[in-house]
J.: 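Before anything else, here's the structure in question.
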Amino acid sequence: MAFITVSCALIVLASIWIVKQRYQAARQLPLPPGPPGRWLLGNTMPKSYVPFQFAKWTEQYGPVFSFKQGHRTFVIIGRHQAAVDITEKEAANLADRQRSIAVQETFSGGMRIVLEGSGEKLRRLRRVLHAGLQPKVAEIYEPIQTRNAKNVVLDVLNDPKNHQSHAVRYAASVVMSFTYGKTTPTSYTDPEVVAVNKSLAHFGRAMKPGAYLVDTYPILRFVPGYPSQLRVWHQELALFNGQLDAVQRQMMSSLTTVELEGTARPSFGRFILEHQEQYQLEDKELGYIAGAMFAAGSDTTACAITIMMMAAAIHTDAAFMLESLRWRPVTLGGFEHRATRDIIWNNCLIPAGTTVIGNHWAIANDPEVFQEPHKFNPQRWIDNAGRVRNDLRFFSFGFGRQVCPGQYVANRSTFINTALILWAVRLSENPAAKIDTLAFSDTVAVHPAPFEICLEKRIDENLIRELCAPGE
């Protein structure tokens, strides 16, 4: 008996020693190479269009590079295989987010899901989002998406100059419908849509890397008046709660036309209200869960549709959704991940606590995976049998365990609009007004600068209008 006890103790001690040795060996490995910084302060974050500068540093320092800002270490991934190796294979160790004093705690009141760190709260919130957005549920929303996509076709026929506004209206209308069950037409001038888009513009500016030094030097949050602008911008929760209150009033009413006809419209807002107890949702979380889907879904969907139309106008011989979103990603940069354990990649150390960012723009232009990346080539996604390749992917919706749960709904919207618009018209560029395909807003979800398109109807216009008429 004593022999067994001693043997077990020796095994435990040996295991501890081995783990310690490996830890010490790992800690002796260098960080990935990167630009030199100043003593103590480290590197200066680029002031604008950070993903483009990160892409240049990828070319200079390699597929993964690092830099410091104050006490924080950043590791930027700029190549496809490195993204697979680090963000996918080490997903469990990168499921966390860095603390965000500026945007999460001050601007969003600690309620923005995309910035929530790992833990029980995030698991609860993602469970309910997955339940309301999984592929089978996404099919329910397809009639709403198709009906509104037909309206986009008619809008483009009637007013091609304002095609970007039509994409915004589509996104707002669809997301209002499946988030809150709204049945009346939605315009991009509706007060709630204007308010959400204004909030998204604030969010996009606040999320720029290095926009607020308080995240690098937390003591700044005690400086009187420092985060005052962010507090002024924090108005979206009242907006989101107001929209969800309307859903609740509709549910409580026993005399609505919808209920009398027995055709109550499904909506995500209704779902979370009906399943609040099942998913252990707090009252204060409800409005933001639905509102976050409305805000994020409407913004990125409008961007994706606009980029698709840009691609179709520039490349008249071909347009394909996957290539459009690689060629000009909706999100050029990427959200920060926090390493919860040491990660070793290619004999370099990514220490626990490091901020890890997958730079979508650089990964999209990885010449080893996407040959001639600056060339728009939809054929790269097709195999010899004419099927979409299953060995090639792009990270349009993020990385690892923090991937966007709304990807299935968003992909359907982009696909349906692409199919219907290109079925109805052939888009082209105005020779007198060339499109600058690199002119984007400097925000999280990038918006192309206004551009002009020309269109030629592929089939008889009367037939297009007949088939896209309401009720068809």
Side-chain angles (χ1 to χ4, degrees), residues 80 83 87-88 113-114 126 129-153 166-179 266-268 292-312 318-332 334-335 358 360 363-364 370 376 378 380-383 387-423 444-448:
H80 193 278
T87 67
E88 299 295 302
I113 300 172
V114 72
R126 286 189 67 89
L129 285 171
H130 176 73
L133 295 170
Q134 61 181 294
K136 288 185 178 179
V137 178
E139 295 176 4
I140 298 174
Y141 304 129
E142 189 169 304
I144 299 172
Q145 294 169 301
T146 302
R147 182 172 64 252
N148 282 278
K150 289 180 178 180
N151 290 338
V152 174
V153 173
H166 305 327
V168 172
R169 185 210 59 77
Y170 166 87
S173 182
V174 165
V175 179
M176 283 290 285
S177 294
F178 67 65
T179 303
S267 74
F268 183 71
M293 189 167 75
F294 172 36
S298 61
D299 195 36
T300 55
T301 299
C303 294
I305 294 170
T306 301
I307 289 171
M308 177 277 299
M309 296 180 72
M310 175 193 287
F320 185 54
M321 188 177 78
L322 291 174
E323 180 68 352
S324 295
L325 298 181
R326 181 211 64 84
W327 176 66
R328 296 295 182 264
V330 170
T331 302
L332 292 181
F335 287 97
H360 292 249
I363 294 170
F370 306 107
F376 186 87
R380 72 173 85 245
W381 299 90
I382 306 299
D383 64 18
R387 296 185 295 264
V388 176
R389 290 173 56 182
N390 57 16
D391 63 334
L392 182 63
R393 58 175 296 210
F394 182 60
F395 305 96
S396 301
F397 295 96
F399 305 92
R401 296 186 180 182
Q402 289 276 14
V403 68
C404 175
Q407 58 181 307
Y408 306 109
V409 175
N411 270 335
R412 283 177 182 270
S413 273
T414 307
F415 176 79
I416 291 169
N417 276 271
T418 300
L420 285 179
I421 291 173
L422 299 184
W423 158 78
V444 176
V446 296
H447 293 263

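Just so it is clear, the structure is predicted and the values come from calculations on it, not from any experiment. No hydrogens, no waters, no symmetry mates; every other heavy atom, side chains included, goes into these values.
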J.: To the nearest 0.5 Å, tell me how far Ile416 CD1 sits from Asn411 CG.
T.: 10.5 Å
J.: Parallel, tilted or perpendicular: which one describes the rings of Trp381 and Phe370, with boundaries at 30° and 60°?
T.: tilted
J.: Could you tabulate the donor-acceptor pairs under 3.5 Å formed by side-chain atoms of residues 301-312, not counting sequence neighbours?
T.:
{"from": "Thr301", "atom 1": "OG1", "to": "Gly297", "atom 2": "O", "distance (Å)": "2.7"}
{"from": "Thr306", "atom 1": "OG1", "to": "Ala302", "atom 2": "O", "distance (Å)": "2.9"}

J.: Under a 3.5 Å threshold, yes or no: a donor from one side chain and an acceptor from the other, between Ser413 and Tyr170?
T.: yes
J.: For side-chain contact (heavy atoms from CB on, under 4.5 Å), just list the numbers for Thr331 and Val446, CA-CA rounded to whole Å, side-chain angles, deciding distance to a tenth of an Å, and then say yes or no.
T.: CA-CA 6 Å; Thr331 302; Val446 296; over 6 Å; no
J.: Val137 and Gly132: which non-hydrogen atoms are nearest, and at how many Å?
T.: CG1-O, 3.2 Å
J.: Quick one: side chain to side chain contact (heavy atoms under 4.5 Å, CB included) partners of Tyr408, sequence neighbours excluded?
T.: Pro135, Ala138
J.: Identify the heavy atoms of Val403 and Arg126 that sit nearest to each other, and give their distance.
T.: O-NH2, 2.7 Å
J.: Mind listing the closest non-hydrogen atom pair of Gln145 and Val409 along with its distance?
T.: NE2-O, 3.0 Å
J.: Please report the interatomic distance CD1(Ile382) to CG(Leu322), rounded to the nearest 0.5 Å.
T.: 8.0 Å
J.: Tell me whether the rings of Phe394 and His360 are parallel (<30°), tilted (30 to 60°) or perpendicular (>60°).
T.: perpendicular
J.: Nearest 0.5 Å, please: how far is CG in Leu133 from CD in Gln407?
T.: 10.0 Å
J.: Do the numbers put Arg412 on top of the ring of Tyr141, so that NZ or CZ is under 6.0 Å from the six-membered ring centre and no more than 45° off the axis?
T.: no
J.: Would you confirm whether Arg389, through its side chain, and Asp383, through its main-chain N or O, come within 3.5 Å as a donor-acceptor pair?
T.: no
J.: Can you name the residues that form a side chain to side chain donor-acceptor pair (under 3.5 Å) with Arg380, not counting sequence neighbours?
T.: Glu323
J.: Could you state the interatomic distance from OG (Ser267) to CD1 (Ile144), rounded to the nearest 0.5 Å?
T.: 9.0 Å
J.: Take atom CZ of Phe415 as the centre, draw a 6.0 Å sphere, and report whether it contains more than 12 heavy atoms from other residues, nucleotides or ligands.
T.: no
J.: Val330 pairs by side chain to side chain contact (heavy atoms under 4.5 Å, CB included) with which of Val444, Asp299, Leu325?
T.: Leu325
J.: With a 4.5 Å heavy-atom cut-off, do Phe397 and Pro405 have their side chains touching?
T.: no
J.: Measuring only between side-chain heavy atoms, which start at C-beta, is Phe268 closer than 4.5 Å to Leu129?
T.: yes
J.: What distance do Phe399 atom CZ and Phe335 atom CZ have between them, rounded to the nearest 0.5 Å?
T.: 11.5 Å
J.: State the CG-OG1 distance between Leu420 and Thr146, to the nearest 0.5 angstrom.
T.: 6.5 Å
J.: Identify the two heavy atoms, one from Thr300 and one from Ala445, that lie closest to each other, and give their separation to 0.1 Å.
T.: CG2-CB, 4.2 Å
